[in-house]
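One structure is given here, and the rest of the page talks about it.
Bear in mind that the values here come from a model prediction, so they are computed numbers and not experimental data.
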Amino acid sequence: MPLLPAPKEMHTVPGVSPARGFTATNAGPFAEERLALRSLGALSVQADGLYYAVIAAQADATLPDLPAVLRRPGREEGFFLSADEGLVCVLSAHPRGVLYGLHAYEQTLADDGSFCGTVIDYPDTAFRAFHMDMRYGFPSVSRMLAILEELSAARFNTFLLEYENRFPFEAYPDIADPAHFTPADLRRIQERAAALHIELIPLQQTIGHLEYMLKLPRYHHLREMREFPETPLPYSFGPTGFKHYNHIDEICASSDEACSVVETLLDEVMAAHPASRYVHLGCDEAWNLLSCPDCLARYGENGKNRLYLGHINRLAARALAAGKTPIVWDDMLRSFSDEELELLDKRVVVMIWLYYESNYALAVKLARRFKQAGFTVLGAAAAKCGEGPEPQYLDMPWYELRLGNVDMWGRVCAEEGLDGFCMTVWSNYSGTIAPPHPFFDTVWYPVLFAAEKLWNRQAVRDGFDTRFAAAFFGVAEEALFHGPTADRYARIERVSRLAKRHRYEAEALRVMELTSVYRLKALTIGRELYKLRMPVTDAEKTIVRNRAAEVAALRELLKPQVRRIVETHYTKDDADVFVRSRFDADEALFRAFLDGKDES
């Protein structure tokens with residue numbers, strides 16, 4: 001079985017490693033859990049200053065030395081895995097490295113049941129982060145714990161969690177969605193993250209992307225934009241509308257009441273994450289600044305950056321006072337002058353989000369500028385995001401672009417000396433008002449490529465889908481996500497039938513790939529429906545009706561399958577939203593034409 005991420009050094013030798021034995025570890029509760037499944041009793045070992053996990057055929061054992069290559073600065077999370085017929089041992093300078101070594105050992109066992117040999121491995125980047133937001137979808141706590149374990153196996157060491165309205169706000173409980181985490185849920189998630197040595201960083205938006213609050217009548221008066229904006233023309237050229245996506249997106253940063261509410265939300269989120277060294281303040285896409293007459297009067301037509309700067313410094317000071325280092329998205333800072341950047345607190349970490357390989361030059365420019373201004377800089381790629389109007393990518397990520405984006409950030413981190421990047425997973429386009437992006441479990445392919453790139457800067461995308469199929473699903477399948485639509489679906493369907501592991505994720509891929517096929521068919525044939533109201537021949541109308549019947553048949557086949565996939569780990573309401581977002585509009589359009597009287 002190929003390992004993901006691929007190891008720096010791996011050598012195999014003939015033999016059968018012990019399936020059970022005497023065990024010992026000092027690497028924490030997760031290592032203890034794993035060894036307990038194989039333990040015949042306790043083992044006493046010596047490992048001066050090192051962390052270890054050991055399975056020995058006999059009740060005594062001598063551990064090997066940690067290779068010199070792992071004693072170099074910056075390789076503390078690396079590990080040495082050594083396995084023979086009498087001893088399986090993982091050594092590391094950090095308990096996290098022991099977990100990675102145990103994951104690697106279990107991966108080698110997945111297909112053959114035994115492994116004898118050695119693995120020496122270490123990361124090329126220090127910051128290896130995964131992000132998910134909860135604008136759409138509320139996964140069960142058990143699913144969150146499983147996701148954390150997947151991230152640990154992929155060697156992510158940071159989880160950036162954007163709760164949106166799924167947090168149990170106390171001061172403003174009406175902001176929380178009825179389906180939200182309880183304080184006990186938060187503790188379980190954080191305890192599991194800690195056991196896996198994953199730092200969980202909460203993200204609480206503090207100026208924009210607060211639709212989940214500002215859509216509620218009680219908070220309407222806190223908006224920056226009080227009314228939907230008028231356009232110079234009766235339309236705008238943005239596909240989602242004029243001036244961002246809506247008028248319930250941002251708070252008025254000049255309003256003491258609005259700032260007080262946001263600060264209270266931030267305080268609660270920070271207090272609920274005592275172990276996190278960081279808090280992410282969001283602060284992206286605040287495109288409606290100075291729409292409020294009060295803001296305009298106070299700051300003037302050219303005061304947008306001054307308004308934004310004061311807001312960030314105010315929130316950053318609050319985070320720092322709580323013992324957290326603040327992180328912000330970079331996009332609103334791109335227009336800042338050098339003098340304006342100088343006024344921003346240098347303890348703020350700037351996270352540059354750019355989601356396409358073609359952004360390489362801009363990423364380099366921004367990384368250099370922010371670093372020269374005195375900021376710590378990190379990157380952010382996307383496993384799925386708004387890919388524009390291409391209909392097939394509403395249901396499946398545009399994998400070629402996603403892997404290219406990862407490649408770009410790997411290159412920038414190497415060339416510009418960044419500590420790493422975050423792999424973001426966005427659930428919809430903008431806040432709780434928008435339809436869902438592709439379903440969460442379609443993202444593992446780009447996410448694992450990000451894991452590989454963060455661990456090994458020399459990783460390449462060519463052939464990765466073949467390695468992904470073998471490692472993640474246990475199925476030998478070449479070019480899984482390439483080729484014509486029918487061939488690609490046939491390969492995905494085969495993997496879903498034969499998957500030895502991650503069977504749910506394989507089935508989710510199959511169903512969502514077929515939904516993507518449906519999307520193109522519905523769009524194409526929907527454009528032909530007008531003929532039913534035109535004076536054309538009966539033969540032409542029969543063709544249109546037959547094609548529409550094919551779309552309807554596929555739609556009715558998919559509805560229960562999509563619902564089943566979503567309901568497995570999400571709420572019934574989530575499943576209903578997802579199904580409706582995929583099929584309701586098409587179904588209504590087709591019915592309007594097919595049930596109506598033909599015009600001739």
Side-chain angles (χ1 to χ4, degrees), residues 126-127 129 131 158 160 162 199-210 224 250-256 258-287 289-290 295 298-300 302-354 363 365-380 416-422:
F127 180 80
H131 156 277
T158 305
L160 181 58
E162 188 167 356
E199 181 165 10
L200 197 156
I201 300 175
L203 192 159
Q204 174 58 47
Q205 288 283 0
T206 53
I207 186 166
H209 289 301
L210 287 166
E224 175 68 10
E250 297 167 36
I251 63 163
C252 171
S254 295
S255 164
D256 290 339
C259 290
S260 176
V261 172
V262 165
E263 287 170 348
T264 300
L265 301 182
L266 177 63
D267 288 346
E268 290 190 22
V269 168
M270 290 192 295
H273 296 80
S276 178
R277 298 172 296 165
Y278 299 88
V279 63
H280 201 306
L281 303 178
C283 296
D284 57 315
E285 297 183 328
W287 295 332
L289 292 175
L290 299 185
C295 292
R298 181 178 298 186
Y299 291 95
N302 298 316
K304 182 181 296 186
N305 289 352
R306 191 156 50 92
L307 167 61
Y308 183 81
L309 178 66
H311 187 76
I312 288 188
N313 279 337
R314 174 175 174 170
L315 273 297
R318 199 171 193 90
L320 290 161
K324 312 286 188 190
T325 297
I327 305 172
V328 299
W329 299 117
D330 79 297
D331 55 292
M332 297 300 295
L333 302 175
R334 295 175 193 175
S335 65
F336 272 40
S337 67
D338 292 344
E339 292 75 18
E340 288 169 331
L341 278 180
E342 184 59 34
L343 297 174
L344 182 61
D345 194 315
K346 297 302 181 293
R347 293 170 291 180
V348 171
V349 175
V350 177
M351 185 172 281
I352 302 170
W353 64 272
L354 290 169
K365 176 183 176 181
L366 292 172
R368 291 177 181 175
R369 183 161 188 253
F370 291 137
K371 285 183 68 177
Q372 288 168 0
F375 297 100
T376 298
V377 178
L378 299 168
E416 303 304 319
L418 306 189
D419 284 342
F421 64 86
C422 179

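The side chain to side chain contact (heavy atoms under 4.5 Å, CB included) search around Cys295 returns Glu224, Cys252, Ser254, Leu290, Cys292, Leu307, not counting sequence neighbours. In this structure, the side-chain hydrogen bond (donor to acceptor under 3.5 Å, both in side chains) partners of Asp338, at least two apart in sequence or on a different chain, are Arg369. Looking at residues two or more places apart in sequence or on another chain, you find a side chain to side chain contact (heavy atoms under 4.5 Å, CB included) between Glu342 and Lys346.
Contact between Leu320 and Thr325 at its shortest, heavy atoms only, is CD2-CA, 4.4 Å. Ile352 and Asp330 make their closest contact through CA-OD1, 3.2 Å (heavy atoms, listed as atom of the first residue, atom of the second, distance). Residue Ala316 comes nearest to Leu281 through the heavy atom pair N-CD1, 3.9 Å, listed as atom of the first residue, atom of the second, then distance.
Residues Ile201 and Ser276 have side chains in contact (heavy-atom distance under 4.5 Å, counting atoms from C-beta outward). A heavy-atom distance below 4.5 Å is found between the side chains of Met332 and Trp287. Phe336 places a side-chain heavy atom less than 4.5 Å from the side chain of Leu309. Here the side chains of Met270 and Pro202 are not in contact, with every heavy-atom distance at 4.5 Å or above. Using a 4.5 Å heavy-atom threshold, the side chains of Leu343 and Glu339 count as separate. By the 4.5 Å heavy-atom criterion applied to side chains, Val262 and Leu210 are counted as neighbours. With a 4.5 Å cut-off on side-chain heavy atoms, Val377 and Leu366 do not count as touching. Annotation: side chain of His280 is not in contact with side chain of His131 (no heavy-atom distance under 4.5 Å).
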Could you walk me through whether Leu418 and Leu378 pass side chain to side chain contact (heavy atoms under 4.5 Å, CB included), step by step? CA-CA 6 Å; Leu418 306 189; Leu378 299 168; 5.7 Å; no
Checking Gln205 against Asp284 for the side chain to side chain contact (heavy atoms under 4.5 Å, CB included) test, could you report, in this order, the C-alpha distance in whole Å, the side-chain angles of both residues, the deciding distance, and whether it holds? CA-CA 8 Å; Gln205 288 283 0; Asp284 57 315; 2.9 Å; yes
Assess whether side chain to side chain contact (heavy atoms under 4.5 Å, CB included) is satisfied between Phe370 and Leu341, documenting all intermediate values. CA-CA 8 Å; Phe370 291 137; Leu341 278 180; 4.1 Å; yes
Where do Trp329 and Glu285 land on the side chain to side chain contact (heavy atoms under 4.5 Å, CB included) test, with the steps shown first? CA-CA 9 Å; Trp329 299 117; Glu285 297 183 328; over 6 Å; no
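Remark: side-chain polar atoms of Thr264 are paired, donor with acceptor, to backbone N or O of Ser260 under 3.5 angstrom. A donor-acceptor contact shorter than 3.5 Å links the side chain of Tyr308 to the backbone of Cys283.
For the atom pair Tyr278 OH and Met351 CE, the distance stands at 10.0 Å (nearest 0.5 Å). The structure places CZ of Phe375 at 8.0 Å from CG of Asp345, a figure rounded to the nearest 0.5 Å. The CG atom of Leu265 sits 10.0 Å away from the OG1 atom of Thr206 when rounded to the nearest 0.5 Å. Going from atom SG of Cys422 over to atom CZ of Phe127 covers 5.5 Å, rounded to the nearest 0.5 Å.
Counting heavy atoms of neighbouring residues, nucleotides and ligands inside a 6.0 Å radius, atom CZ of Arg347 does not exceed 12 of them.
Between Arg318 and Glu263 a salt bridge is recorded (basic side-chain N to carboxylate O distance below 4.0 Å).
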